[in-house]
Amino acid sequence: MTSVALEKTQVAALAERMDELLDEVVRRTGGNAPVPAVAPTDVADTAPLDAPVEEEFRVGTMALAWDGEEQRMIVEAQALVELDADSEEDLAEAEERLLQDEENGPPMLRVRLTGAQARAFAKRALDVVNAGRPPCPLCSLPLDPEGHVCPRQNGYRRGA
């Protein structure tokens with residue numbers, strides 16, 4: 001088992017984009033691709049995660065593709081890379097070293113899913129995201145039930 005860490009917004013974007021890509025596959029194949037219109041209940045995974053979750057890396061970049069020959073969705077997640085640079089020249093050098101170091105580049109996870117597995121993953125991901133705390137409409141930070149000190153309002157909280 002491999003675990004990677006994503007931000008809530010990344011999970012939501014991944015799930016929405018997976019659904020969009022699957023819909024496009026169905027449209028382009030005239031419904032002949034093995035992709036269900038909705039997540040099948042027989043592949044639904046509602047079990048809790050095995051604890052403790054120890055991530056291999058924090059995801060920075062993600063990519064999605066459909067492999068028409070294998071009839072599979074490909075999900076790639078690449079580790080977030082933080083470049084230490086004090087100037088534009090240092091940044092350019094760090095980026096160049098990263099590009100040249102293909103063999104030992106940032107860690108990457110590649111997953112291949114059937115259409116049904118991808119639909120089920122997207123549904124569960126959106127369910128988990130929607131079960132969380134809603135975002136503040138001003139700053140997008142999570143709202144707590146007891147209130148929220150919003151940085152966009154300089155911490156000002158309206159009285160009840």
Side-chain angles (χ1 to χ4, degrees), residues 1-85 87-137 139-142:
M1 180 184 307
T2 302
S3 298
V4 296
L6 287 94
E7 296 296 330
K8 185 176 178 178
T9 54
Q10 288 176 299
V11 173
L14 175 62
E16 290 167 4
R17 186 64 188 115
M18 286 176 87
D19 270 338
E20 291 170 5
L21 180 58
L22 292 170
D23 291 344
E24 183 66 18
V25 167
V26 170
R27 187 186 68 73
R28 287 189 181 195
T29 62
N32 293 327
V35 176
V38 295
T41 56
D42 60 327
V43 294
D45 177 13
T46 56
L49 295 175
D50 293 335
V53 176
E54 295 180 23
E55 75 237 20
E56 299 290 325
F57 58 86
R58 181 160 295 282
V59 174
T61 305
M62 293 183 290
L64 290 176
W66 179 259
D67 182 343
E69 288 182 25
E70 296 287 325
Q71 299 293 301
R72 297 274 193 267
M73 176 171 284
I74 301 167
V75 181
E76 289 184 352
Q78 189 174 33
L80 179 65
V81 177
E82 295 183 21
L83 301 175
D84 293 328
S87 67
E88 295 270 337
E89 291 172 1
D90 290 344
L91 182 60
E93 281 182 31
E95 288 174 342
E96 185 64 30
R97 279 193 310 273
L98 186 63
L99 290 173
Q100 289 176 355
D101 193 12
E102 290 180 20
E103 186 173 309
N104 297 319
M108 184 176 71
L109 173 69
R110 181 177 293 132
V111 180
R112 301 171 76 73
L113 302 168
T114 65
Q117 290 170 328
R119 284 279 191 213
F121 174 85
K123 181 184 181 322
R124 172 134 191 224
L126 287 174
D127 288 347
V128 169
V129 167
N130 292 331
R133 297 176 291 170
C136 172
C139 69
S140 299
L141 291 173

Task: Side-chain heavy-atom pair Gln71, Trp66 within 4.5 angstrom cut-off - done: yes

TODO: Could you check Met18 against Val75 for side-chain contact (heavy atoms from CB on, under 4.5 Å), going step by step and ending with a plain yes or no?
DONE: CA-CA 9 Å; Met18 286 176 87; Val75 181; 4.2 Å; yes

- [ ] Any chance you could measure Glu54, atom CD, to Met1, atom CE, to the nearest 0.5 Å?
- [x] 11.5 Å

Compile the donor-acceptor pairs under 3.5 Å between side chains in residues 8-15 and protein atoms, sequence neighbours left out, one pair per line.
unit_1, atom_1, unit_2, atom_2, d
Lys8, NZ, Arg133, O, 2.7
Gln10, OE1, Glu7, N, 2.7
Gln10, NE2, Val59, O, 3.2

Task: Atom pair CG/CD of Leu64 and Glu76 - distance to nearest 0.5 Å - done: 9.5 Å

- [ ] List the atom of Leu22, the atom of Ala118, and the distance in Å for their closest heavy-atom pair.
- [x] CD1-CB, 3.7 Å

Task: Side-chain heavy-atom pair Leu6, Met62 within 4.5 angstrom cut-off - done: yes

Open item on the list: If I compare all heavy atoms of Phe57 with all of Ala77, which pair ends up nearest, and what's the gap?
Closed with: CZ-O, 3.5 Å

TODO: Can you measure from CZ (Arg58) to CD (Gln78) and round to the nearest 0.5 angstrom?
DONE: 15.5 Å

TODO: List in chain and number order the residues that pass salt bridge (Lys or Arg N to Asp or Glu O under 4.0 Å) with Glu56, two or more places apart in sequence or in another chain; answer none if no residue qualifies.
DONE: none

Task: All pairs passing salt bridge (Lys or Arg N to Asp or Glu O under 4.0 Å) where residues 61-71 contributes a residue, at least two apart - done: Asp67-Arg112

TODO: Measure across Pro36 and Gly115 and return the closest heavy-atom pair with its distance rounded to 0.1 Å.
DONE: CD-C, 3.8 Å

- [ ] Using a strict cut-off of less than 4.0 Å between a Lys/Arg side-chain nitrogen and an Asp/Glu carboxylate oxygen, indicate whether Arg27 and Asp23 qualify as a salt bridge.
- [x] no

Open item on the list: Rounded to the nearest 0.5 Å, what separates atom OG1 in Thr61 from atom CG in Leu80?
Closed with: 7.5 Å

Open item on the list: I need the Glu24 CD to Thr29 OG1 distance, nearest 0.5 Å.
Closed with: 9.5 Å

Task: Close side-chain approach of Arg72 and Thr114, heavy atoms under 4.5 Å - done: yes

